[in-house]
Protein chains: 2
Amino acid sequence: MEDDTRQRLLDAAEALFAEHGFAETSLRAITTQARANLAAVHYHFGSKDELLHAVFARRLKMLNEERLARLTALETGGGPVTVETVLTAFIEPSLRLRRAGVQGERFTRLLGRAQIDASEALRDFLRDQYAPVLERFQQTLGRTLPQLQPGELRWRLYFALGVLSFTYAGARLPQMPFAARLVGDEEWLLRQLIQFLAVGLCAPPLEEGAEKTA
Amino acid sequence: MEDDTRQRLLDAAEALFAEHGFAETSLRAITTQARANLAAVHYHFGSKDELLHAVFARRLKMLNEERLARLTALETGGGPVTVETVLTAFIEPSLRLRRAGVQGERFTRLLGRAQIDASEALRDFLRDQYAPVLERFQQTLGRTLPQLQPGELRWRLYFALGVLSFTYAGARLPQMPFAARLVGDEEWLLRQLIQFLAVGLCAPPLEEGAEKTA
DNA sequence: ACCTGTTTCAAACGTTTGTTTGAATTATCT
DNA sequence: AGATAATTCAAACAAACGTTTGAAACAGGT
């Protein structure tokens, strides 16, 4: 059976959704790029929404499992549990995806976008996928940074994920050299990124009256 | 002349574009919310694209001018030129917009979104609006942080804008308490944000062989 | 009151959209 | 080879979209 029509559809959808967004990408653009018939989308996936869902499902589960595995390895004696190593455990799996090829790069771009422009339905799906991961990382970071109040830590984690999403989404800013697509440059960029996030997370708490924690 | 039809259209478009995105918002949804006729959009603006353009034009020019004015005031003796004060000069004007009312909040949300999901045409427009501002702030920060290479500073600035965009866009993350909509909470959040960005920008340079500057 | 220019309105236009259909084609198995 | 299921295909569907039209309603000035 020619089931790689399915893969070609997923690849094309991944690329076009990442580049132009969900609503502005037509099924005809996807099926053309995938060299497939228009009706193939509904045959293999049922609807455009379920196609998007499948694009995420294809990679997200494994990605988050690898994040948790690295964190567990770290905590069960695999190395020092510092803010940097915990951050690396979270980021490295996604960076591996990017290094694995242009499709992985597109997926991370789509993932970054989705944090901001996802519809409510997709947000629910992403929340289910991310919640346990973020929960675990937040707990571990809370032990590494006991001086921070829970609300403080949570917002810093929020900021950190913002940087990551923004960078993966590849938001173009003026004067930004996007020669940083070479892998060598990405390694350098990763260190810059991790340092930026680490010092932000490690900053001393802003002392004043206890804030609402939640 | 009933020219506040124009304003109502801009308000409705601002709100709906910010909440659902450009492509997923129909002119009919906008004109319904604005209690205006469908054709009013083309009468007042010419097209949907030009409506979006007008939504940005209405506030963005003044916003960036205020940013530059605050930076100039700082540099011409208005206070100490530190990373924190420069950051505040950039952020405060947008925060004032948010404090001014729900429409300002919506605009900043739209602005945050646009950094990631803007079409190429809109990106050109935003680039023209942002380029001189970012240029000036980058220069000033370069003088405040002379130990950083230009490429390093630029990327840190990029990360900082990412956090800001992400936060303004109001990306929902699991476990995030969005009771932080009260103004009091926003003030606290602003201090958290500025500290996070400041320590990230001020971090010591990663010393190693000179990287490509560009 | 009349004219003139501006603004609103309901209705329609032609495209494009996601989706469905039913026949044709291809693969799989006995 | 023939029967059965899986997949592809061209064509059409209704709905929604941005846009256009031309007449109605309104405004201000003389």
Side-chain angles (χ1 to χ4, degrees), chain A residues 1-58 110 113-114 117-125, chain B residues 1-58 110 113-114 117-125:
Chain A
M1 61 183 137
E2 280 295 331
D3 210 2
D4 56 4
T5 294
R6 222 186 122 90
Q7 298 301 321
R8 288 203 316 275
L9 283 172
L10 286 172
D11 288 345
E14 189 170 64
L16 292 171
F17 288 160
E19 194 57 34
H20 307 294
F22 178 72
E24 32 274 283
T25 300
S26 70
L27 289 183
R28 284 163 179 84
I30 293 172
T31 52
T32 298
Q33 173 156 330
R35 300 188 313 279
N37 187 271
L38 174 59
V41 169
H42 296 87
Y43 177 76
H44 285 285
F45 302 98
S47 70
K48 190 186 179 186
D49 282 281
E50 291 176 84
L51 171 59
L52 177 65
H53 182 95
V55 167
F56 280 103
R58 175 165 66 151
L110 178 60
R113 280 189 83 123
D117 64 13
S119 70
E120 189 145 352
L122 180 59
R123 223 182 338 249
D124 288 345
F125 172 71
Chain B
M1 60 181 137
E2 281 294 329
D3 211 0
D4 57 2
T5 295
R6 221 186 122 92
Q7 299 300 321
R8 288 203 315 276
L9 284 172
L10 286 172
D11 288 345
E14 191 170 63
L16 292 171
F17 288 160
E19 195 57 34
H20 307 295
F22 177 72
E24 33 274 284
T25 300
S26 71
L27 289 184
R28 284 166 178 83
I30 293 172
T31 52
T32 298
Q33 174 156 330
R35 303 188 312 278
N37 187 270
L38 174 58
V41 170
H42 297 87
Y43 177 77
H44 285 284
F45 301 99
S47 71
K48 190 186 179 187
D49 282 281
E50 290 175 86
L51 170 61
L52 177 65
H53 182 96
V55 167
F56 280 103
R58 176 165 65 150
L110 178 60
R113 278 189 87 123
D117 65 12
S119 70
E120 188 144 355
L122 180 60
R123 211 166 7 232
D124 288 346
F125 172 71

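Residue numbers start from 1 in every chain, and the chains themselves are labelled A, B, ... in the order their sequence lines are given, proteins ahead of strands.
At the phosphate of C:dT17, OP1 or OP2 sits under 4.0 Å from a side-chain N or O atom of A:Ser26. Taking only side-chain nitrogens and oxygens, B:His42 never comes nearer than 4.0 Å to OP1 or OP2 of D:dT21. Within the structure, a side-chain polar atom (N or O) of B:Thr5 is placed less than 4.0 Å from OP1 or OP2 of C:dT8.
Within the 4.5 Å cutoff, the side chain of A:Ile30 has heavy atoms near those of the A:Phe17 side chain.
Rounded to whole angstrom, the span from the CG atom of A:Asp4 across to the P atom of D:dA6 amounts to 18 Å. When rounded to the nearest whole Å, the span between CG of A:Leu27 and P of D:dT8 equals 16 Å. Distance, B:Phe17 CZ to D:dG18 C1': 12 Å, rounded to whole Å. Computed from coordinates, the B:Arg6 CZ to C:dT6 P distance equals 15 Å when rounded to whole Å. We find that CG of B:Leu51 is positioned 14 Å from C1' of D:dT19, with the value rounded to whole Å. One can place NE2 of A:His44 at 16 Å from C1' of C:dT19, the figure rounded to the nearest angstrom. Distance A:Lys48 NZ to C:dT17 C1': 8 Å, rounded to the nearest Å. The distance between atom CZ of A:Phe45 and atom P of D:dT7, rounded to the nearest whole Å, is 12 Å.
Salt bridge present: B:Arg58 and B:Asp11 bring a charged side-chain N and a carboxylate O closer than 4.0 Å.
You'll find that the side chain of B:Tyr43 is closest to C:dT7, out of C:dT7, C:dG18, D:dT19. Ranking D:dC17, C:dT8, C:dG18 by closeness to the B:Arg28 side chain, first place goes to D:dC17.
Note on B:Thr25: only backbone sugar-phosphate atoms sit closer than 4.0 angstrom, heavy atoms only; bases stay farther off.
With hydrogens and angles ignored, the 3.5 Å screen pairs a side-chain donor or acceptor of A:Thr25 with a backbone N or O of A:Leu16. A donor-acceptor pair under 3.5 Å links the side-chain atoms of B:Thr31 to the main chain of B:Arg28, judged by distance alone. The backbone N or O of A:Ala36 lies less than 3.5 Å from no partner atom in the side chain of A:Arg8, so there is not a single donor-acceptor pair.
Residue B:Glu24 comes nearest to A:Glu24 through the heavy atom pair OE2-OE2, 4.2 Å, listed as atom of the first residue, atom of the second, then distance. Closest of all the heavy-atom pairs between A:Gln33 and A:Ala12 is CG-CB, 3.9 Å.
Listed by residue number, the members of residues 32-40 of chain B with any heavy atom below 4.0 angstrom from DNA chain C are B:Asn37, B:Ala39.
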